[in-house]
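The block underneath contains the structure these notes are about, expressed in structure tokens.
Every value quoted in this text rests on a predicted model; they were computed, and no experiment measured them. Every chain is numbered from 1, with letters handed out A, B, ... down the list of sequences.
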Amino acid sequence: MNAKRADTIVVLDFETSGLSPDMGERAIEIGAVLIEGGEITDSFQSLMNPGIRISAFIEDYTGISNAMLSKAAPCEEVMKRFNDFIAGHNLVAHNASFDKRFLDAELSRVSCSYPGDFACSLLASRRIFQDAPNHKLGTLVQYANLDTVSSISSGSFHRALYDSEMTAKLWLAMLEDIGERYGIYDLPFSFIQQLSKVPKKSVHKFIKD
DNA sequence: TGCCAGGCCCTCTTTAGGGCCTT
């Protein structure tokens, strides 16, 4: 595994068959982008065959069909490749507790684990974009006036690569917002992690201090 | 058979309940 590089972040997003790996749900698609020096420099996307049929609700929600998954590589094969992609990088996801559960569950099936740090763009946005109508990814993309035209995927919301790209843009927008408001740039990953835990009322003081 | 998540966060709170987010 590579040594961890503090200036690089992998933003990831899973599409899954349901909400909980503890209830037998599986990952069906992984998408991720690599951020280096404030720019997206690499990406990873793959459907993965979980070996179970997904519900009509999930087919409709994601646009991923059972027929598409039947032709995809097995989860185990994809996760081994993805494990190599994330090695040495900090991770970010929107509602990270959800993606972390599936990442841990799928990696454990191939006898791998991710020992690094995970940050959550949802928790961060509740503190940085406190005036947003809500903190769903789509709403925040609109609120922050982000470019919704993807440069790396042909997908849309609820597809893994597209959502990971939009989450990456949101992450960069939040860093930019702190920079513009406080004149603080090049914030370390760990700072946003800590910021995501402070009470909303204390965000201003936390950043100033 | 029938059930079905879990962490965060607010408040009419802490001996609890319910909404927000993710698929």
Side-chain angles (χ1 to χ4, degrees), chain A residues 10-33 44-69 72 75 78-79 82 86 91-109 114 117-144 146 153 155-171 173-174 192-206:
Chain A
V10 168
V11 183
L12 65 91
D13 182 69
F14 278 106
E15 302 307 313
T16 71
S17 65
L19 290 173
S20 174
D22 291 340
M23 300 300 293
E25 306 296 357
R26 299 294 305 274
I28 60 173
E29 186 183 40
I30 178 65
V33 298
F44 185 105
Q45 185 276 330
S46 183
L47 290 171
M48 55 181 112
N49 187 342
I52 60 173
R53 286 190 64 80
I54 60 172
S55 68
F57 171 80
I58 294 296
E59 285 190 313
D60 184 59
Y61 187 80
T62 63
I64 298 169
S65 66
N66 280 293
M68 292 162 68
L69 293 177
C75 290
V78 174
M79 290 309 297
F82 188 62
I86 63 178
L91 303 181
V92 168
H94 199 65
N95 200 9
S97 67
F98 174 86
D99 290 278
K100 186 177 190 305
R101 282 201 302 278
F102 277 95
L103 179 67
D104 290 344
E106 294 295 342
L107 285 181
S108 72
R109 287 173 175 268
Y114 178 76
D117 291 325
F118 226 122
C120 179
S121 57
L122 168 63
L123 296 182
S125 72
R126 282 177 175 162
R127 288 156 179 83
I128 298 169
F129 292 149
Q130 295 193 16
D131 294 335
N134 61 58
H135 295 84
K136 295 176 184 176
L137 179 59
T139 302
L140 289 165
V141 165
Q142 193 171 29
Y143 175 81
L146 304 180
S153 84
S156 57
F157 283 114
H158 305 308
R159 287 302 299 268
L161 182 58
Y162 185 87
D163 279 2
S164 68
E165 182 186 1
M166 292 305 131
T167 302
K169 288 182 178 181
L170 172 65
W171 184 261
M174 290 192 289
I192 306 297
Q193 280 184 306
Q194 293 166 24
L195 174 67
S196 299
K197 295 175 183 174
V198 305
K200 284 184 183 178
K201 295 175 186 172
S202 307
V203 168
H204 179 74
K205 183 177 188 302
F206 179 83

If you take all heavy atoms of [X] and [Y], which pair is closest and at what distance?
X: A:Arg126; Y: A:Lys200; value: O-CE, 3.4 Å
X: A:Ala32; Y: A:Phe82; value: CB-CE1, 3.6 Å
X: A:Leu19; Y: A:Phe102; value: O-CE1, 3.7 Å

Between A:Glu25 and A:Ser17, does a side chain to side chain donor-acceptor pair (under 3.5 Å) hold up when you go through it step by step? CA-CA 5 Å; A:Glu25 306 296 357; A:Ser17 65; 2.7 Å; yes
Mind checking [X] for me? I need base, sugar-phosphate or nothing, with any heavy atom below 4.0 Å counting as a touch.
X: A:Phe14; value: sugar-phosphate
X: A:Ile28; value: nothing
X: A:Asp99; value: nothing
X: A:Thr62; value: sugar-phosphate

Looking only at atom [atom1], what distance separates [N] and [M], rounded to whole Å?
N: B:dC12; M: B:dG7; atom1: C1'; result: 23 Å
N: B:dG18; M: B:dG2; atom1: C1'; result: 24 Å
N: B:dC9; M: B:dC3; atom1: P; result: 32 Å
N: B:dG6; M: B:dT23; atom1: C1'; result: 13 Å
N: B:dT14; M: B:dC8; atom1: C1'; result: 16 Å
N: B:dC21; M: B:dT15; atom1: P; result: 27 Å

Which of residues 160-167 of chain A sit near DNA chain B, with a heavy atom under 4.0 Å from it?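 Result for residues 160-167 of chain A: A:Asp163, sorted by number.
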Should we say atom CD of A:Gln142 is surrounded by more than 12 heavy atoms from elsewhere, each under 6.0 Å from it?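 Open: at most 12 neighbouring heavy atoms sit under 6.0 Å from CD of A:Gln142.
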So A:Phe14 and A:Arg101, side chain to side chain contact (heavy atoms under 4.5 Å, CB included) or not? Walk me through it. CA-CA 10 Å; A:Phe14 278 106; A:Arg101 282 201 302 278; over 6 Å; no
If you assign each of A:Lys200 and A:Ser20 to its closest nucleotide in DNA chain B, which residue comes earlier from the 5' end?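 Going by which nucleotide is closer to the 5' end, it is A:Ser20.
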Of A:Gly18 and A:Lys201, the one whose closest DNA chain B nucleotide lies more 5':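 Its nearest nucleotide being more 5', the pick is A:Lys201.
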Atom pair SG (A:Cys120) and CD1 (A:Ile192), whose distance is rounded to the nearest 0.5 Å: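 If I round to the nearest 0.5 Å, the distance is 12.0 Å.
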At what distance, to the nearest 0.5 angstrom, does CD1 of A:Ile52 lie from CG of A:Asn49?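 Interatomic distance, A:Ile52 CD1 to A:Asn49 CG, rounded to 0.5 Å: 9.5 Å.
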Shoot me the first and last contacting nucleotide of DNA chain B against chain A, ordered 5' to 3', at under 4.0 angstrom to non-hydrogen atoms.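 Going 5' to 3' along DNA chain B, contacts run B:dC4 to B:dT23.
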In chain order, what residues pass the salt bridge (Lys or Arg N to Asp or Glu O under 4.0 Å) check against A:Glu165, with sequence neighbours excluded?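 Partners of A:Glu165 under the salt bridge (Lys or Arg N to Asp or Glu O under 4.0 Å) test: A:Lys169.
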